[in-house]
Structures are given as C-alpha cells and as structure tokens.
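Reviewing the structure listed below.
Below, read A as the first sequence line, B as the second, and so on, with proteins coming before strands; counting in each chain starts at 1.
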Amino acid sequence: MTRLLQIHAQMITTGLAHNTFCASNLISFCALSDSGDINYAHFLFHQTPQPNLFIYNTMIRSSARSPSPKDSIFLYTQMRTRGISPDHYTYPFLLKACGRIEALELGKTIHGVLLKAALDSDSFVRSSLINMYTNCGSVESARRLFDKMSDFNVVSCNAMIGGYVKVGDLGSAKWLFDKMPERDLVSWSTVIAGCVQIGDSKKAMELFGEAQTLGIRVDEITLASLLSASAHLGALYQGKWFHAYIYRSCVKLDAVLGTSLIDMYSKCGGIETALTVFRLMPKKDTLAWNAIITGLAVNGYGERALQIFLEMQREGEMPDDVTFIGVLCACSHAGLLDEGLRYYESMIRFYRIKPRVEHYGCMVDLYGRAGLLVDALDFIRKLPVQPNAAIWGALLGGCFIHGNIELGEHVGRILIELEPQHSGRYVLLSNLYANANRWDDVRNIREMMKERGINKIPGRSKIEAKGMVHEFVMGDKSHPQTKEIYHKLDEMMKHLTLAGYTPDTSTVLFNLDEEEKENALGYHSEKLAIAFGLINLGPNMPIRIVKNLRVCVDCHSATKLISKIYDRRIIVRDRSRFHHFEQGYCSCKDYW
DNA sequence: GTAGGGTTAG
C-alpha cells in the first residue's frame, strides 16, 4: 500500500488521476488485492466523479466479500440510479452479497431483473443464483434451477453440493458428487468438509484416500478440513502426516491452516507442537489465538493459557466471545476462581461482550469445581435464560467432586427430566448414589433405565500404533493380540498391587459383589489400550489414548501409578479434556 | 467473474 500511495500521489501531480483507465486500475488494486485496502478503495471511489461500469463491478465485487456485503447492494442501487446498466459480471458479485446477508427476497427480485435482461443463460450467473439460493436457506429453489439447466458445469454442481452440505444432507451431496461428469478439487473439498461437519471424520479420511489413489493433490482448503477430521478422531499420526504433506507439497500455510494445525495438535495431546506451530505463524488472527488458548486450557495448562491471553491483549488482538470461553475454561480447570470472576467481569464491562449460555456454563463449572456450590446455584437462579442441561451438568460435576449428595441428587433428577434419553445422566446419578453406598437407589436408577429402554453407552478407547487405529471396549477379546494383552494386563495388576493400589469400585454401576466389580474395572477399555500400548510402542513413545466417555476414578488412579511403574508418559483424551500422566501425577490435578 | 477451509462450556 505504501508503494501504491506513492503512485497515487504521482498520478495526482501528473494529472493521470483523471484518466479513467488509470483510476480504474488503482481502485481495482486497493479493492481486490490481498495487500490492498478496501477503505482506501472507497475513498478513491468517492473521489471519482463518474464511475464507469468496470469501477462499479469492482466495488460491488470487493464489498461482497468484505465484512459488510450490504455495501454491494447500495452500490448496485446507486449505479442504476445513475443510469449505468449492469452486465453479466455485475450479477455474480451482487448475488454473492445477497447470499452472505441471507437476503432471499432481494435475491429473488434480482433473479427477476436478470431474467428480463436475458442474462440468465450466462453460466457464471446461473451458478451464482444456485449459490445465492442455498446460502439463503432455500435448497429447493436452487435444485429447481439446477434441474432446469442443460449444461452441467462443474461449478454449478459444486454449488449444489455445497447447498446440500449446508443443510446437512450429505446423502444428496454424495449422490451428486458421484453422478457429476467430472470432479475438481472444489468438489472433493466440499464433500470432505461435509463429512467433517456432520461428524463423520472417518468418511472424510476415506474420501481423501480415494483422492490420493486418483493422484489428486489437495490444497490448503482441503487440508484444513482433513486436519479438523484428524482432530476429532484424535489421530495424531494421521494429523502429523498431513503436516508433513503441507511441507512436502509446499502448500501455503495461511492463518486458517495454521489454526487447523494448532487445533489438531491440541486435540491429539501434542500441545508442545501446537505451541511451536502457533509461535511460527507469521500472521495470527483471533481464531488462531482462540485455538491455542482453548488447547492449553483443556490440556491442563491453565496458567499458560492465561499468559497467552495477556500476550494477545498486549499485541492488540481483540478477544471475542470464543476467546473468553477458552479463558474461563482455563480458569476453572486450573482452579483459578478469582481470576475467572475477574475475567468474566472484564468481558462484560470492558469488552462489552454479552455472555452466552456457554459462558454461564463455564462460570457454574468455575464455582462448582472450587467447591462453592451454593454460589453456583445462586448464579444459576439469577440467570436471564433458562438453564440448559450443560449448566446443570456442570453443577452436578461440582457436587460429584465435593461429595454433596443432597444437591447432587436434586440436580441429577432435573437432568434426567431434561434429557430422559441421555444415558450419561442416569449413570452420573447412579455413580453419585454408589459413592454414598446407597445401593437401593442405584438399583432404582438401573430399573428406570431398563423401563425406558435406555442403554449405557459402552466405553471405548482408541490407540494408534504403526499407522493403524486400534479400538477396545470393556472386556474386549476380539483383538488378534488378545492373549498378549491380557498377559500384560495381569502383569500390570501385579505391579499395581505391589505399589499399594486397591481398586476403587465406588463407581461401578452394577451392584456386583466386590470381586466381580474388580474384574469389571480391570478390563476397562483404557486399561486394555494401555496394555496394548506397552506391548506395541517403543519404550520412549508416549501412550496416547482417546476415550469416548469420561475416565473413571479407578482408571485414573491406576493410570497415574502405571505411568510411574513403567516410566511412561500416558496421555488420555476423554470426553471433556486431556490427562497427561507422568511419574505418578496427572496434569488435571485430579479434578476433571 | 461463479463453487470449497480453521476456534466454542459440561
């Protein structure tokens, strides 16, 4: 831009500023280039006495992708009043703006206008129309238009696939993807992103495999989705492979891809690498800061997360609502009550961010973990919104940690009423009763679950070894290495007993006799996965496990001891956070 | 010129 300002100055002195061709190019650079400046483009535009069609198109195009797409509409009205007729270049930009502000009625009107002007046969205009309709939530209109088209071009197909993906109809998206005559990288990216969005990360990986077989080289956009899939799966080695791919293929590492990498490493327990990636990023936006703050928080490094937050403020990056979710989460997990309260206040008063239900959840968690259950309840009562299940869940968590049976029972009942189909709610209440040795109540809950036909979700643990993901359920005997695994498990148990471990059977759901309970615990999926890891991973490799549920008290204390006995780092990602076990300690400081 | 990407409480 500095260079451009010099050129502009020169143009003024030489009189070239009045030359339409030169003025157009100047505006075009400011409005469209990555190193341009949209505000300066507006400034130049206002100084132009008679902007021509090209200038209008450029300004409409630039505004359509700017943070205020409404400007495009304004510019369009202005050009019409000034008697300039829009052409087939104008409409795609204008329709993009309509889509972004979800102005369906306006979009329809423009559709009518361009029908009259007979511009609807232009393939760019058609694809833009399809995209406008899907962005405005009207997939049916998009489909009607799409069906009427005789020339099947790849862009309109992609726009249509994107429309299906937006409404979560991956079946139709995949159907069209398979049916279209030719697919380009955008087609692949769209379906891959679609899989990730509906939570089918495995399918996303499979599609990438197919693309690989066909020799398609993916770019930074596809990779961002694929890294997000790795993050969800907790597949560190898969994610690392993509990281290497980025370097190998000289893919542009922009802020979005950097954020995906940070998130992938954090969600796979590789928080040190996440930090390195973050430090090496030349341009960090709010999302990148948010990703590292949240990553540190769920990995149990609350203080580090807060340091980075302070750094963010020093560097003048504006925190948003998501930043504060990370900050509050960091405070509650690290037991920093006063800081949490202070940040919450500053979010509202200083940053003028209106708290959302997620922030309330963090606050209840903050009070609850600190043992201030009365304050937590008081906070919930004063909320301007109906508390949701997550808020009660946070309070129940606090009751559990601090052994408050009365309040816990009350909250547990509310939760079951609120989400009668959610098995975890019953399990939690039942565990609370079991902790208090109230076996009759435990049995009642079991009965209730049976009557309502609700099944407990079985615990599953995944572990990666030699490029393969292995999954275990409780008492699993399906793995080819079953014999060795159980042998190792016996050895582990012997070592544990020698180290003074006694099984904590308090949270076993069934009212079994003590010996049965111990057996049930001994074969919990994470213990099987640890045994598998000890057998198959080299002595210096940390054991990384991803669990679908929260880790139980018994497995937690057993894992701490195992990390010491076998001198092995064990990293467990459970449903809500990370546990880094090392030399008998866990990063969660036994609060989770 | 049109179509595809990242962070979010328990």
Side-chain angles (χ1 to χ4, degrees), chain A residues 32 57-58 60-61 64 87-96 99 122-132 134-135 153-163 165-166 184-194 196-197 218-228 231 254-264 266-267 285-295 297-298 320-329 332-333 355-366 368-369 388-398 415 424-425 428 550 575-577 592:
Chain A
L32 301 174
N57 283 350
T58 307
I60 292 173
R61 178 183 175 195
D87 64 359
H88 59 290
Y89 281 94
T90 319
Y91 288 104
F93 310 138
L94 187 61
L95 290 166
K96 187 194 179 85
D122 183 274
S123 73
F124 286 84
V125 172
R126 287 187 179 192
S127 307
S128 305
L129 273 170
I130 292 173
N131 199 42
M132 180 275 292
T134 63
N135 276 329
N153 77 59
V154 64
V155 179
S156 55
C157 284
N158 288 345
M160 199 59 232
I161 293 175
V165 163
K166 265 173 223 123
D184 65 3
L185 190 48
V186 178
S187 329
W188 285 94
S189 287
T190 312
V191 277
I192 289 176
V196 179
Q197 274 162 38
V218 295
D219 65 0
E220 70 276 10
I221 295 186
T222 330
L223 280 162
S225 294
L226 289 165
L227 282 167
S228 171
D254 59 16
V256 177
L257 193 53
T259 306
S260 313
L261 274 172
I262 293 171
D263 187 51
M264 181 277 292
S266 323
K267 287 212 171 75
D285 61 6
T286 310
L287 271 73
W289 287 95
N290 291 354
I292 194 68
I293 290 172
T294 311
V298 295
D320 64 5
D321 49 348
V322 179
T323 317
F324 280 98
I325 292 174
V327 168
L328 294 174
C329 177
S332 72
H333 283 291
R356 288 193 285 135
V357 68
E358 286 86 348
H359 299 103
Y360 298 142
C362 294
M363 291 307 288
V364 173
D365 191 47
L366 185 69
R369 277 179 204 272
N388 65 7
I391 291 191
W392 291 118
L395 183 58
L396 183 56
L415 270 168
R425 307 302 183 201
L428 217 55
R550 288 172 75 160
R575 222 187 133 77
S576 72
R577 59 165 296 147
W592 73 91

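Taking atom NZ of A:Lys267 as the reference point, atom C1' of B:dA9 lies 13 Å away to the nearest angstrom. At whole-Å resolution of the value, CD1 in A:Ile325 and C1' in B:dA9 are 6 Å apart. Here the P atom of nucleotide B:dG10 and the NE2 atom of A:His359 are 12 Å apart, to the nearest Å.
A heavy-atom distance below 4.5 Å is not found between the side chains of A:Ile221 and A:Leu185.
Taking the side-chain hydrogen bond (donor to acceptor under 3.5 Å, both in side chains) definition, one finds that A:Asn153 meets it with A:Ser156, sequence neighbours left out. In this view, A:Arg356 and A:Asp321, A:Glu358 satisfy the salt bridge (charged side-chain N to carboxylate O under 4.0 Å, His left out) rule, not counting sequence neighbours. For A:Ser228, there are no side-chain hydrogen bond (donor to acceptor under 3.5 Å, both in side chains) partners, not counting sequence neighbours. Residues that satisfy the side-chain hydrogen bond (donor to acceptor under 3.5 Å, both in side chains) test with A:Glu220, not counting sequence neighbours, are absent from this structure. Contacts of A:Asn388 classified as side-chain hydrogen bond (donor to acceptor under 3.5 Å, both in side chains), with partners at least two apart in sequence or in another chain: none.
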(request) Encode nucleotides 1-6 of chain B as B, S and - characters from 5' to 3', where the letter depends on protein heavy atoms closer than 4.0 Å: B to the base, S only to sugar-phosphate, - to neither. (result) BBBBBB
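At a threshold of 4.0 angstrom between heavy atoms, the contacts of A:Asp87 with the nucleic acid are absent. Residue contacts shown for A:Gly361 include a base, since a base heavy atom lies under 4.0 Å away.
Closest contact between the side chain of A:Arg356 and the listed nucleotides B:dA9, B:dT8, B:dG10 involves B:dT8.
Between A:His333 and B:dG10, a side-chain N or O to OP1/OP2 separation shorter than 4.0 Å is present.
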